[in-house]
Amino acid sequence: MKFHIAQVNIGRIKGPLESDVMAGFVARLDEINALADGSEGFVWRLQTEAGNATYLRPYDDDRILVNMSVWESVDALKTYVYRTAHAELLRDRNQWFEKFDAAYVALWCVPVGHVPSIDEAKKRLAHLDANGPSQFAFTFRSIHQPDEEFLSSFDWSMFLPCPA
């Protein structure tokens, strides 16, 4: 069985997307999304017809944005996150996002062809927050290699399908 890496990250914005405080972030969305789409190892990302996921609000707090994607490998994802223009947004994130008290990034292995849902991402983040890193959800600091036995026995139907 072949595997890819799914990732989700969330953040609480400091103001409405149309506000001045968010202007610098919003101005770079198309550029950064196009960079992801063209990056080596990129497979899929959550997006609406607008080309991004900024208007999806899967949490009760409507200031929480969600970003989710699938990559061929952890190394491909790491390269995009830390060694491209995306890293500039990471460095400046405190301009646009509040400090988050819970897990806000989770990674997990998925079978090739699997498209993770928002429900799945929320459950992975909640599990990471409650239990720490495991095969179910981990971080860049605690990478878990694919466990074929775990993944082949996993009940993927426990997650609601992706609406986007």
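Heavy-atom basis, side chains included; hydrogens, waters and symmetry copies ignored.
In this structure the side chain of Leu125 reaches within 4.5 angstrom of the side chain of Val8, judged on heavy atoms. Pro16 places none of its side-chain heavy atoms less than 4.5 Å from the side chain of Met22. Side-chain contact between Ser39 and Thr79 is absent, with no heavy-atom pair separated by less than 4.5 Å. Residues Leu46 and Leu56 meet the side-chain proximity criterion, which asks for heavy atoms closer than 4.5 Å. Residues Tyr80 and Trp71 are in side-chain contact: their nearest non-hydrogen atoms beyond the backbone lie under 4.5 Å apart. Taking the side chain as every heavy atom from C-beta outward, Phe140 and Leu77 approach each other to under 4.5 Å. Looking at Ser73 and Phe3, their side chains never come closer than 4.5 Å, going by heavy atoms from C-beta outward. Contact annotation: the side chain of Val110 approaches that of Glu120 to within less than 4.5 Å [non-hydrogen atoms, C-beta and beyond].
In this view, Asp37 and Arg45 satisfy the side-chain hydrogen bond (donor to acceptor under 3.5 Å, both in side chains) rule, not counting sequence neighbours. For Arg28, the salt bridge (charged side-chain N to carboxylate O under 4.0 Å, His left out) partners at least two apart in sequence or on another chain are Glu31, Glu88. For Asp61, the side chain to side chain contact (heavy atoms under 4.5 Å, CB included) criterion is met by Arg12, Arg63, Ile64, not counting sequence neighbours. Looking at residues two or more places apart in sequence or on another chain, you find no ring pair (Phe, Tyr, Trp, His ring centres under 6.0 Å) involving Tyr59. With sequence neighbours excluded, no residue satisfies side chain to side chain contact (heavy atoms under 4.5 Å, CB included) with Asp30. Phe97 is linked by a side chain to side chain contact (heavy atoms under 4.5 Å, CB included) to Ile13, Phe25, Leu65, Arg93, counting only residues two or more places apart in sequence or in another chain. Listed by chain and residue number, nothing satisfies the salt bridge (charged side-chain N to carboxylate O under 4.0 Å, His left out) test with Asp75 (two or more places apart in sequence, or in another chain). Partners of Thr139 according to the side-chain hydrogen bond (donor to acceptor under 3.5 Å, both in side chains) rule, which considers only residues two or more places apart in sequence or in another chain, are Ser142. Residues forming a side chain to side chain contact (heavy atoms under 4.5 Å, CB included) with Val43 (at least two apart in sequence, or on another chain): His4, Val70, Glu72.
Taking all atoms of both residues into account, the shortest heavy-atom contact from Ala103 to Ile10 is O-CD1, 4.2 Å. Here the closest non-hydrogen pair linking Leu128 and Ala137 is CD1-O, 3.6 Å. When every heavy atom of Pro116 is checked against every heavy atom of Ala6, the shortest pair comes out as CG-CB, 4.1 Å.
Interatomic distance, Leu89 CG to Leu29 CG, rounded to the nearest 0.5 Å: 8.0 Å. Atom SG of Cys109 sits about 7.0 Å away from atom CD of Gln145, to the nearest 0.5 Å.
Residue pairs meeting the side-chain hydrogen bond (donor to acceptor under 3.5 Å, both in side chains) criterion with at least one partner in residues 127-136, sequence neighbours excluded, are His127-Asn131. Under the ring-ring contact (aromatic ring centres under 6.0 Å, His included) criterion, the residue pairs touching residues 98-125 are His114-Trp156, with sequence neighbours excluded. Counting only residues at least two apart or on different chains, no salt bridge (Lys or Arg N to Asp or Glu O under 4.0 Å) pair has a member in residues 13-25.
For Phe136 and Phe150, the ring centers are positioned 6.0 Å apart or more.
For CD of Glu40, the number of neighbouring non-hydrogen atoms (other residues, nucleotides, ligands) closer than 6.0 Å is 12 at most.
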